[in-house]
Enquirer: 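Below you will find the structure I want to go over with you.
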2 protein chains.
Amino acid sequence: MAGNWAPVKRTRTFEEVLARIEQRIVEDGLRVGDRLPGERQLAEQLQVGRSSVREALRVLETLGVVSSSAGRGPDAGAVLTSRPGTALTDLLRLHLGLAGLELSEIIETRLMIERFAASRAAALRADTSALDLALAAMDAARDAAEFVEHDIAFHCAIADASGNRLIGVIMRSIRDSVRPHAVAAVERLGVGSARLRAEHQLIRDAIASGDAAAAATAVSEHLAHTYDLEL
Amino acid sequence: MAGNWAPVKRTRTFEEVLARIEQRIVEDGLRVGDRLPGERQLAEQLQVGRSSVREALRVLETLGVVSSSAGRGPDAGAVLTSRPGTALTDLLRLHLGLAGLELSEIIETRLMIERFAASRAAALRADTSALDLALAAMDAARDAAEFVEHDIAFHCAIADASGNRLIGVIMRSIRDSVRPHAVAAVERLGVGSARLRAEHQLIRDAIASGDAAAAATAVSEHLAHTYDLEL
DNA sequence: ACCACAGTATGGTCTGACCATATGGCAGGC
DNA sequence: GCCTGCCATATGGTCAGACCATACTGTGGT
């Protein structure tokens with residue numbers, strides 16, 4: 001008996017295709033908006049079946065790297081895009097549904113992100129017009145679902161104001177994946193809740209005044225109240 | 001001319017299959033380790049072609065929800081898993097390579113996460129044996145690649161010690177996706193860098209002593225030094 | 001100029017076949 | 001009785017070809 005043998009790597013065809021496409025994207029310096037060769041052409045070039053090419057493209061589409069559409073124009077076919085958000089949303093939703101993750105872990109992660117984002121936004125003296133718009137829309141909302149729409153916009157605007165796009169992407173995905181829980185929370189508190197309104201205003205004012213510590217504190221208290229958890 | 005028409009939603013067959021499979025998983029209360037029907041059986045039940053079923057399963061596999069393997073046993077076929085990490089790693093790597101995200105944004109996000117995780121680990125008085133093991137392995141490393149392996153283990157152990165699995169998943173994915181940059185940074189600083197060693201020890205000791213503030217500070221200084229950025 | 005229609009390139013889907021792999025079970029030898 | 005080796009079978013992996021739906025492109029008629 002010799003030593004440990006490395007397990008035989010069985011590489012599926014579509015994985016090889018995936019690597020070749022990725023390699024080609026990097027080598028050719030393709031950018032968002034550029035178009036990949038057609039499925040039939042790729043299959044012929046790589047000497048594989050069209051279905052293998054399709055599965056590779058499906059993976060890239062799932063990861064938000066390409067977007068496919070039929071037709072004939074220059075925008076048809078597989079076009080390079082950059083939509084990490086949709087993939088991340090599906091990722092969280094599925095792994096939340098399959099009991100792999102607890103809701104409390106996602107909420108805690110959101111708290112971490114939003115404290116950071118609010119602090120950074122305050123430190124940067126970020127523009128608060130997007131926040132004010134969302135606040136006004138929340139005031140006008142007639143039901144919980146509509147309220148939550150603008151609540152998500154409010155909190156994502158804070159994440160965007162951090163100046164870090166990855167933070168914004170993660171925040172949007174988290175909010176989209178826990179949307180039903182947010183609606184339930186708002187229905188429990190009441191759509192016109194004065195306390196909710198005051199907490200949002202407090203966060204907005206802290207950012208506008210450039211007080212990073214106050215912004216972080218306001219976010220913590222808002223989330224603790226909304227989801228009924230201790231810090 | 002009437003008002004705005006909602007665009008016709010062209011739902012591709014495999015997306016419908018995807019929804020049905022997800023619905024079935026939830027309704028049947030399937031858990032990790034359970035097996036889905038075979039591709040041919042699913043195709044017949046849903047009255048679609050096998051290729052549509054395959055594309056749906058490919059999406060689920062990409063998102064780390066199922067794992068497919070051939071053969072005949074009870075573990076063959078599409079089995080439910082929970083590996084959000086691989087999907088997240090691919091997601092970050094591709095969107096980093098395709099110029100959608102800047103490295104600095106990922107590093108900043110890592111700083112946010114690791115400050116949080118170290119603080120929480122210290123507050124929880126987490127066990128530091130995994131950290132000590134990684135430290136010893138780093139001391140014994142002979143080259144930068146080997147060093148980075150254990151460096152990743154060290155920092156992921158901190159994330160795990162936060163008690164939040166999502167934090168651990170995100171940390172692993174970030175570290176895996178920026179591994180080449182970490183190797184370059186270690187080569188620049190030197191594998192046997194005393195300063196690197198001291199910074200790691202400082203983080204470990206702060207967590208062991210339960211000093212959350214000191215742990216966060218130590219993490220910040222470590223990352224600022226490693227990646228040569230200002231806080 | 002403009003418009004209508006045929007041509008065509010493209011993704012989306014289905015079918016059937018075959019290959020590769022891994023298990024289950026049976027037959028034969030010890 | 002037990003082990004060994006081979007065959008049957010179930011499953012994913014791949015390919016080829018066909019057809020459909022879609023959306024642009026060019027052409028010819030008005």
Side-chain angles (χ1 to χ4, degrees), chain A residues 5-21 24-25 30 33-81 83, chain B residues 5-21 24-25 30 33-81 83:
Chain A
W5 284 46
V8 177
K9 178 70 186 300
R10 55 174 227 278
T11 301
R12 294 177 286 186
T13 305
F14 84 88
E15 292 174 335
E16 184 68 22
V17 173
L18 197 51
R20 297 287 289 271
I21 293 178
R24 176 165 184 154
I25 290 175
L30 299 184
D34 289 344
R35 191 175 154 281
L36 260 50
E39 295 178 354
R40 293 167 178 85
Q41 192 177 340
L42 274 175
E44 192 186 5
Q45 288 178 8
L46 300 174
Q47 287 292 292
V48 298
R50 198 182 151 202
S51 49
S52 294
V53 172
R54 278 187 63 79
E55 295 196 11
L57 290 175
R58 192 64 63 226
V59 171
L60 290 178
E61 189 177 324
T62 301
L63 293 173
V65 174
V66 308
S67 175
S68 295
S69 61
R72 183 178 152 154
D75 274 14
V79 177
L80 281 188
T81 61
R83 291 182 292 115
Chain B
W5 283 47
V8 176
K9 178 71 186 300
R10 60 174 234 276
T11 301
R12 295 178 285 187
T13 305
F14 83 89
E15 291 175 336
E16 184 68 23
V17 173
L18 198 51
R20 297 288 288 270
I21 292 178
R24 176 165 184 154
I25 290 175
L30 298 183
D34 289 345
R35 191 175 154 285
L36 261 49
E39 295 178 354
R40 293 168 178 85
Q41 193 177 337
L42 274 174
E44 192 186 7
Q45 287 178 7
L46 300 174
Q47 286 291 291
V48 297
R50 197 183 151 203
S51 48
S52 294
V53 172
R54 280 187 63 79
E55 295 197 11
L57 289 175
R58 190 65 63 224
V59 170
L60 290 177
E61 189 178 323
T62 301
L63 293 174
V65 174
V66 309
S67 175
S68 296
S69 61
R72 181 178 153 151
D75 273 15
V79 177
L80 281 187
T81 61
R83 291 181 293 115

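Residue numbers start from 1 in every chain, and the chains themselves are labelled A, B, ... in the order their sequence lines are given, proteins ahead of strands. All of these numbers come straight from a predicted model, not from anything done at the bench.
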Enquirer: What is the separation between atom CD on B/Glu15 and atom P on C/dG12, rounded to the nearest whole Å?
Expert: 9 Å
Enquirer: Report the distance from atom CG of A/Leu57 to atom P of C/dT13, rounded to the nearest whole Å.
Expert: 14 Å
Enquirer: Are any non-hydrogen side-chain atoms of A/Pro37 and A/Arg24 less than 4.5 angstrom apart?
Expert: yes
Enquirer: May I have the distance from A/Asp75 (atom CG) to C/dA9 (atom P), rounded to whole angstrom?
Expert: 18 Å
Enquirer: Tell whether B/Arg72 reaches the base of D/dT11 with its side chain through a donor-acceptor pair below 3.5 angstrom.
Expert: no
Enquirer: Take the protein atom CZ of B/Phe14 and the nucleotide atom P of C/dG11, then report the distance between them rounded to whole Å.
Expert: 14 Å
Enquirer: State whether B/Glu55 and B/Arg58 are salt-bridged, where the test is any N-O pair (Lys NZ or Arg NE/NH1/NH2 against Asp/Glu carboxylate O) under 4.0 Å.
Expert: no
Enquirer: D/dG13, OP1 or OP2 - any side-chain N/O from A/Ser52 closer than 4.0 Å?
Expert: no
Enquirer: When the nearest nucleotide of DNA chain D is assigned to A/Pro74 and to A/Glu55 on a heavy-atom basis, which residue is associated with the more 5' position?
Expert: A/Glu55
Enquirer: When you get a sec, tell me which of C/dG12, C/dC14, D/dG13 is the closest nucleotide to the side chain of B/Arg54?
Expert: D/dG13
Enquirer: Ignoring hydrogens and angles, answer whether the base of C/dG11 and the side-chain atoms of B/Arg12 contain a donor-acceptor pair closer than 3.5 Å.
Expert: no
Enquirer: Hey, which of these two, B/Gly73 or A/Arg40, hits DNA chain C nearer its 5' end, going by closest nucleotide?
Expert: A/Arg40
Enquirer: Measure across A/Leu36 and A/Leu57 and return the closest heavy-atom pair with its distance rounded to 0.1 Å.
Expert: CD2-CD2, 4.1 Å
Enquirer: C/dT10 C1' sits how many Å from A/Leu36 CG, rounded?
Expert: 14 Å
Enquirer: Please give, in whole Å, the distance from C/dT13 C1' to B/Glu16 CD?
Expert: 15 Å
Enquirer: Ignoring hydrogens and geometry beyond distance, is the side chain of B/Arg50 in donor-acceptor contact with the base of D/dG13 at under 3.5 Å?
Expert: yes
Enquirer: Has the side chain of B/Arg35 got a donor or acceptor atom that lies under 3.5 Å from a matching backbone atom of B/Ala76?
Expert: yes
Enquirer: Are the side chains of A/Gln45 and A/Gln41 in touch, meaning some heavy atoms are under 4.5 Å apart?
Expert: yes
Enquirer: Base, sugar-phosphate alone, or nothing: which one does A/Ser51 contact when heavy atoms must sit under 4.0 Å apart?
Expert: base
Enquirer: B/Gly71 near the nucleic acid: base, sugar-phosphate alone, or nothing, with a heavy-atom cut-off under 4.0 Å?
Expert: base
Enquirer: A/Gln41 has an atom CD; how far is it from atom P of C/dT10, in whole Å?
Expert: 7 Å
Enquirer: CD of B/Glu39 versus P of C/dC14: gap in Å, rounded?
Expert: 14 Å
Enquirer: Is the distance from OP1 or OP2 of D/dG12 to the nearest side-chain N or O of B/Ser69 less than 4.0 Å?
Expert: no
